[in-house]
Protein chains: 2
Amino acid sequence: MEASFEGLKQELKKRDINLSYQRLKVLEYLTLNRCHPTVDQIFTNLHRDIPTLSKTTVYNTLRILQEAGLIKVVTIEDNETRYDIDVEDHGHFKCKLCGKIYDFHTDMSSLTFDDLSNFRIDSKDVYFKGICPGCLSNIKENKRRG
Amino acid sequence: MEASFEGLKQELKKRDINLSYQRLKVLEYLTLNRCHPTVDQIFTNLHRDIPTLSKTTVYNTLRILQEAGLIKVVTIEDNETRYDIDVEDHGHFKCKLCGKIYDFHTDMSSLTFDDLSNFRIDSKDVYFKGICPGCLSNIKENKRRG
DNA sequence: ATTCTATTTTGTAATCATTACAGATATATA
DNA sequence: TATATATCTGTAATGATTACAAAATAGAAT
Ligand SMILES: [Mn+2]
Ligand SMILES: [Mn+2]
Ligand SMILES: [Zn+2]
Ligand SMILES: [Zn+2]
């Protein structure tokens with residue numbers, strides 16, 4: 001955890017991005033909360049520790065980090081933008097009932113698709129939707145009870 | 001084209017969705033314009049033919065069609081919701097430069113991923129981003145000219 | 001340490017997409 | 001035709017994001 005966090009700091013220096021206190025805190029939050037939080041979640045939680053924090057700063061920081069390739073934007077839902085500290089290729093599963101987003105490993109190279117050799121592909125995202133194990137068992141439980 | 005359009009009408013009847021003029025026109029637009037249009041594009045274009053059309057109706061219609069599984073929402077970008085008449089599994093490629101969204105065939109079953117057997121998977125989406133052939137050749141052209 | 005400069009943050013206002021709602025219109029049924 | 005239901009419309013409200021200008025901060029130079 002700490003090790004990768006130090007790595008992030010170095011990544012920022014490499015890209016000439018100053019590491020302000022606010023930016024550090026946003027990065028820290030994403031590192032510690034890997035639940036793909038929304039801007040509002042990040043802001044609300046950090047605001048407890050940093051009462052002067054502005055939501056604009058959170059937006060600015062997330063944009064900068066994203067442009068630097070240090071975080072990934074998850075657009076699995078059309079009405080909520082989420083952020084992910086994990087920029088390695090992996091899939092996302094969103095539960096329709098509880099709304100939680102689960103990570104899963106994928107081998108993107110296994111996916112067969114049309115010839116796109118004339119396209120320059122920069123990123124690949126895989127989004128699944130459905131119902132998670134917890135919610136499925138809740139449904140069963142409710143049915144049993146009637 | 002006409003054949004599948006008749007098919008759509010029947011799908012609507014099957015699901016007890018009345019086929020109003022406005023709904024027919026939205027469906028027709030999506031059938032004829034397979035470029036994954038935004039709400040605004042659909043509204044603006046239909047408004048020429050139907051001056052009384054309300055944007056709210058377009059929103060309502062798209063929601064109804066989506067809930068009935070007759071159209072698919074494409075959330076490849078976080079700031080623009082797009083709509084697709086093609087509900088079969090296929091991938092989407094968005095060009096960062098011209099913004100165009102390309103379809104491509106995929107074999108979703110070829111993708112290897114973590115064991116999700118305890119999850120109920122209802123839908124799978126694959127989104128690629130990068131630069132399309134046309135924009136790539138424009139870049140080359142500009143470099144040559146200096 | 002002080003001044004100067006560039007960067008970052010903050011707070012507010014503006015914008016844009018979407019939804020809520022209530023009245024008007026059209027459609028179906030008796 | 002009368003009545004009930006469904007749909008459409010226009011406007012207002014909401015919520016997320018962006019624009020912007022002033023305030024605060026940090027870094028460099030003197
Ligand atoms: Mn993730
Ligand atoms: Mn498509
Ligand atoms: Zn769930
Ligand atoms: Zn392009």
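None of these values were measured; they are calculated from a predicted model. Reminder, nothing fancy here: chain letters follow the sequence lines and each chain counts from 1.
Atoms CZ (B:Phe43) and P (C:dA17) sit 12 Å apart, rounded to a whole Å. Residue A:Tyr83 contributes atom OH, which lies 12 Å from atom P of D:dA16 at whole-angstrom precision. Regarding A:Ile17, its CD1 atom lies at a distance of 18 Å from the P atom of D:dA26, rounded to whole Å. As rounded to whole Å, 10 Å separates atom C1' of C:dT18 from atom CG of A:Asp78. Rounded to whole Å, the distance from NZ on A:Lys25 to P on C:dT10 is 14 Å. Atom P of nucleotide C:dT12 and atom CG of A:Leu53 are separated by 14 Å, given to the nearest angstrom. Rounded to whole Å, atom P of C:dT27 lies 12 Å from atom CG of B:Leu19. Following rounding to the nearest Å, A:Asp40 (CG) and D:dT17 (C1') show an atom-to-atom distance of 12 Å.
Using a 30° and 60° split on the angle between ring planes, B:His47 and B:Phe43 fall in the tilted class, from 30° to 60°.
Listed nucleotides: D:dT9, C:dT18, C:dT10. Nearest to the side chain of A:Thr52: C:dT10. Proximity note for B:Asn18 (side chain, C-beta onward) versus D:dG10, D:dA6, D:dT17: the nearest is D:dA6. Of the candidates D:dT18, C:dT18, D:dT7, D:dT18 carries the atom nearest the A:Tyr59 side chain, counting heavy atoms from C-beta on. When distances are taken from the side chain of A:Thr56 to each of D:dA16, C:dG11, C:dT18, the shortest belongs to C:dG11.
By the 4.0 Å N-to-carboxylate-O rule, B:Asp122 lies close enough to A:Lys96 to be salt-bridged with it. The residues B:Lys129 and B:Glu77 are annotated as salt-bridged, a charged nitrogen and a carboxylate oxygen being separated by less than 4.0 angstrom.
Note on B:Ser20: only backbone sugar-phosphate atoms sit closer than 4.0 angstrom, heavy atoms only; bases stay farther off.
Both B:Asn79 and B:Thr57 sit near DNA chain D, but only B:Thr57 has its closest nucleotide nearer the 5' end. Nearest-nucleotide positions on DNA chain D place B:Thr61 closer to the 5' end than the other of A:Val39 and B:Thr61.
Taking the six-membered ring where the residue is Trp, the centroids of A:Phe104 and B:Phe119 are separated by 6.0 Å or more. Aromatic ring centres of B:Phe113 and A:Phe128: separated by under 6.0 Å.
The shortest distance between the side-chain N/O atoms of A:Gln22 and the OP1/OP2 oxygens of C:dT10 is below 4.0 Å. The shortest distance between the side-chain N/O atoms of A:Arg23 and the OP1/OP2 oxygens of C:dT9 is below 4.0 Å.
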